[in-house]
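What follows is one structure encoded as structure tokens, with my remarks underneath.
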Amino acid sequence: MPPDTISAALAIARKDLAIEFRTRTAFLSSLVFALLAIVIFYFAWDPTAIPALDLAPGVLWVIFTFSGLLGLNRSFGIEQSERAIDGLLLAPVSRQAIYLGKGLANLLFVLAVQAIALPAVVLFYNVPVSGGFAVVAAIAVLAAIGLVAIGTLFSSMAVNTRLAELLLPMLSLPFFVPIVMPAAQATASLLAGRPVAEAAAWLKVLLAFDIVFVAACALAFPYTIEE
Amino acid sequence: MALRWSGAHLPPDQAHIAIDPLSIAAFIAVAATFVRAIWFTPLERIQGPAQKIFYIHAPAAWVAFLAFGLVAIASGIYLWLRDERLDRFAESSAEVGVVFTTVVLVTGPLWGRPVWGTWWTWDARLTLTLFLWFIYVGYLVMRGAVDDRAVRARYSAVLGILGALLIPFIHLSVYMFRTLHPLPIVMKASRPSLPGEMLLTLLLAFASFTLLYVALLRARYLLAEERDRLQDSVA
């Protein structure tokens with residue numbers, strides 16, 4: 001990858017994060033959504049029938065997925081006002097740099113929400129913190145990369161349709177299945193105190209998904225923003 | 001459809017309803033398959049009449065996979081050649097594929113209830129088929145939400161290709177849950193383990209469903225062509 005692609009991507013990511021840092025609209029709404037969902041999920045099941053600990057991995061991954069979607073919607077939504085996207089496209093940078101920059105900003109956004117939501121789940125669901133927890137964090141990062149790779153691409157498509165943000169979940173969720181399923185299964189196995197090796201097969205699925213879809217989405221992205 | 005409204009771009013008095021011989025042939029072939037399957041094919045000893053649904057279910061599944069495979073191929077070539085015909089082909093094939101996937105998803109539970117004792121199970125193949133349905137329904141909804149024809153074609157092609165890439169991953173992850181579905185009976189390494197009469201009915205079903213796919217695809221393609229022509233004449 002040429003060095004100016006990376007520096008352009010970093011500049012775009014910095015721009016998006018600066019906008020988000022100054023307004024905090026998407027971050028706060030994702031975060032409040034995540035915390036609310038943690039609370040609502042707790043009351044959606046009978047705690048005497050299913051221990052909270054058994055619910056925790058599922059709750060965690062449902063929340064990560066949906067709060068991620070809230071943030072991803074904004075990624076290209078902010079470029080719609082005043083046709084800012086045209087300025088971005090006119091800039092002498094490659095389309096891959098735009099995708100990488102947008103993706104990087106989204107990744108940091110999703111990781112920031114996870115960094116608060118994960119301890120919140122641990123707190124509210126009385127999850128014992130053990131050595132396996134470092135692996136759960138690694139799973140979260142791997143899964144976030146996959147979610148963001150898909151979500152960034154689809155966000156650039158969804159904003160140009162009549163359905164706008166309504167379309168993003170419909171397009172993205174089927175693609176999130178091979179992320180959420182391995183991530184939740186691996187998390188459940190680790191939280192139950194089973195050895196890391198048991199989660200390894202699921203981690204491989206996640207890693208393969210990340211490699212294939214980061215590459216495929218980066219290649220496909222230029223086709224979604226042609227003028 | 002056997003009766004096709006043609007000439008939408010013509011003044012009303014010149015428009016007419018054309019009869020499409022290919023569609024008629026396909027409908028007759030499918031009807032003949034059903035007659036043979038119901039009256040001239042022996043009952044399966046253990047499953048009884050429930051097994052007959054297999055002559056709809058299996059060929060419909062084959063057509064669905066064929067249709068979506070062709071969507072992916074047409075999408076890939078579209079991004080390369082930018083020929084509108086490929087986009088119309090992908091659109092038509094996806095829509096026909098969704099219809100056949102719906103047939104698979106409806107006939108499966110009808111058979112599963114008496115034979116497995118459950119309407120639905122989260123088995124690898126069932127789950128994969130359900131997600132295929134979701135992916136391509138999403139594809140069709142997205143097509144409907146974009147007005148600009150070139151943008152719609154590009155977005156659809158991207159989604160068509162990514163959808164095909166996704167299938168092995170969904171299959172892999174749902175396969176890591178245990179599978180209950182009967183294994184392939186005809187297309188397997190050893191010889192087909194189906195009595196001759198049943199095998200013949202099944203092969204006939206595959207052929208007639210494939211013909212039906214081609215007929216529906218063609219009708220849907222002609223509709224897309226006329227819609228685009230109408231749009232051009234208005235613009």
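This structure is a prediction, so every number in the text was calculated from the model and none was measured. Proteins come first, then strands; the chains are lettered A, B, ... in the order of their sequence lines, and each starts at number 1.
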Please step through ring pair (Phe, Tyr, Trp, His ring centres under 6.0 Å) for the pair B/F169 and A/F213, ending with a clear verdict. CA-CA 11 Å; B/F169 282 98; A/F213 277 92; 5.7 Å; yes
Can you list the steps and then say if A/L167 with B/M142 is a side-chain contact (heavy atoms from CB on, under 4.5 Å)? CA-CA 7 Å; A/L167 193 64; B/M142 191 204 68; 3.4 Å; yes
A/F154 vs B/L159, side-chain contact (heavy atoms from CB on, under 4.5 Å): CA-CA, chis, key distance, verdict: CA-CA 9 Å; A/F154 287 170; B/L159 197 56; 3.5 Å; yes
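The distance from atom CZ of B/R143 to atom OG1 of A/T161, rounded to the nearest 0.5 Å, is 13.5 Å. If you take NZ on A/K204 and CG on B/L172, they are separated by 11.0 Å, rounding to the nearest 0.5 Å.
Heavy atoms of A/A164 lying under 4.5 Å from chain B are absent altogether. The contact between B/R82 and chain A is made entirely by side chain atoms (from C-beta outward), counting heavy-atom distances below 4.5 Å.
Nearest heavy atoms, B/I170 versus A/P174: CD1-O, 4.0 Å. Pairing each heavy atom of A/N160 with each of B/Y155, the nearest pair is ND2-OH, 2.8 Å. B/L166 and A/P178 make their closest contact through CD1-CG, 3.6 Å (heavy atoms, listed as atom of the first residue, atom of the second, distance).
The number of heavy atoms from other shown groups lying within 6.0 Å of OH (A/Y42) does not exceed 12.
Most heavy-atom pairs under 4.5 Å with chain B, from the set A/F175, A/F209, A/F221: that is A/F175. Ranked by heavy-atom pairs shorter than 4.5 Å toward chain A, the options B/L165, B/V151, B/V146, B/V137 are led by B/L165. When each of B/G138, B/A157, B/A145, B/P168 is checked for heavy-atom pairs under 4.5 Å with chain A, B/A145 comes out on top. Listed options A/I150, A/V205, A/L173, A/L153 were ranked by heavy-atom pairs under 4.5 angstrom with chain B; first place goes to A/V205.
With contacts defined as side-chain heavy-atom distances shorter than 4.5 Å, the pair B/R154/A/T224 does not qualify.
A/R162 places a side-chain N or O within 3.5 Å of a backbone atom of B/G144 that can act as its donor or acceptor partner.
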